[in-house]
Amino acid sequence: MSDADGSIRVPGVLWHVTVTLHGNPSPVRQLQDSLTELAFLHPFDMAVRFAGDTAELRYWDEGQDCRGVVERALALWDEHRADLGLPTWPVVGVEVLDRFTFRRRWTADNPLAHLLAPGVLPFPRG
């Protein structure tokens, strides 16, 4: 694989990312529309779960190391806040797992596996 300048690009490692944001309540319908646009713009299938005051974004990212993936995860919301009408919520959590750790944790029988399904859905009521 090569970049536009002809240099060879080594493919990165796949990382599973979870970004959690929380803040003042927003109108749920507007929030869902904005999150749907964000998920559509993301290059990998994004699983989004939300409530009026919280959003969790789960997706795969490619990078050479965890640091770069974390930096992109922290910037993702702010980069799209204005153009998509996202709330001014701060990031309250970031988790980045390599593929091996993710697969060990998220087995098919994990009762929370529904959180990984792509799409934009409200948190289940419980």
Side-chain angles (χ1 to χ4, degrees):
M1 225 183 273
S2 63
D3 287 334
D5 65 1
S7 61
I8 301 298
R9 191 176 127 246
V10 178
V13 176
L14 278 179
W15 303 87
H16 189 267
V17 180
T18 303
V19 179
T20 305
L21 303 108
H22 181 75
N24 292 327
S26 289
V28 174
R29 184 67 194 156
Q30 178 184 346
L31 178 60
Q32 183 174 13
D33 291 346
S34 297
L35 291 170
T36 300
E37 287 186 60
L38 178 64
F40 178 76
L41 292 173
H42 201 268
F44 292 99
D45 283 341
M46 182 182 278
V48 179
R49 300 302 176 261
F50 70 95
D53 62 353
T54 306
E56 273 189 5
L57 316 174
R58 297 177 187 270
Y59 58 91
W60 289 95
D61 197 358
E62 186 178 33
Q64 293 300 315
D65 60 27
C66 186
R67 180 182 305 272
V69 174
V70 169
E71 289 171 359
R72 281 193 302 279
L74 290 170
L76 176 66
W77 191 266
D78 288 340
E79 288 175 357
H80 294 288
R81 183 181 295 158
D83 56 326
L84 298 182
L86 295 166
T88 58
W89 295 343
V91 173
V92 296
V94 175
E95 180 180 60
V96 177
L97 303 173
D98 67 344
R99 184 186 275 181
F100 174 79
T101 304
F102 174 82
R103 286 184 174 168
R104 187 177 63 217
R105 182 181 295 173
W106 291 96
T107 59
D109 60 343
N110 186 316
L112 299 177
H114 67 281
L115 295 174
L116 303 174
V120 178
L121 299 170
F123 281 116
R125 292 192 164 173

Inter-residue atom distance [X].[atom1] - [Y].[atom2], 0.5 Å rounding:
X: Leu116; Y: His16; atom1: CG; atom2: NE2; value: 5.0 Å
X: Leu35; Y: Leu86; atom1: CG; atom2: CG; value: 6.0 Å
X: Leu41; Y: Glu79; atom1: CG; atom2: CD; value: 11.5 Å
X: Leu21; Y: Asp53; atom1: CG; atom2: CG; value: 11.5 Å
X: Met46; Y: Thr36; atom1: CE; atom2: OG1; value: 11.5 Å
X: Asp65; Y: Glu71; atom1: CG; atom2: CD; value: 8.0 Å

Counting only N and O atoms by type, is there a donor-acceptor contact under 3.5 Å from the side chain of [X] to the main-chain atoms of [Y]?
X: Trp77; Y: Pro87; value: yes
X: Arg72; Y: Arg67; value: no
X: Ser34; Y: Leu84; value: yes

Provide the closest heavy-atom pair for [X] versus [Y] in the form atom of the first, atom of the second, distance.
X: Val120; Y: Ala39; result: CG2-CB, 4.0 Å
X: Trp60; Y: His42; result: O-CE1, 3.9 Å
X: Val28; Y: Gly52; result: CG2-CA, 4.0 Å

Test side-chain hydrogen bond (donor to acceptor under 3.5 Å, both in side chains) applied to Asp109 - qualifying residues, sequence neighbours left out:
Thr107
Who are the salt bridge (charged side-chain N to carboxylate O under 4.0 Å, His left out) partners of Arg29, not counting sequence neighbours?
Asp33
As a quick check of understanding, evaluate side-chain contact (heavy atoms from CB on, under 4.5 Å) for Leu97 and Trp15, giving each step before the final call.
CA-CA 5 Å; Leu97 303 173; Trp15 303 87; over 6 Å; no
For the hydrophobic clusters of this structure (ILVMFWY residues joined by side-chain heavy atoms under 4.5 Å, transitively), does one cluster hold both [X] and [Y]?
X: Val92; Y: Leu31; result: no
X: Val96; Y: Val13; result: yes
X: Leu121; Y: Phe50; result: no

Taking C-beta and beyond as the side chain, do Val48 and Tyr59 meet within less than 4.5 Å on heavy atoms?
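They are not in contact (no side-chain heavy atoms under 4.5 Å apart), so the answer is no.
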According to the side-chain hydrogen bond (donor to acceptor under 3.5 Å, both in side chains) rule, which pairs have a member within residues 83-96, sequence neighbours left out?
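Pairs touching residues 83-96 that pass the test: Glu95-Arg105.
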Where do Val91 and Leu76 land on the side-chain contact (heavy atoms from CB on, under 4.5 Å) test, with the steps shown first?
CA-CA 10 Å; Val91 173; Leu76 176 66; over 6 Å; no
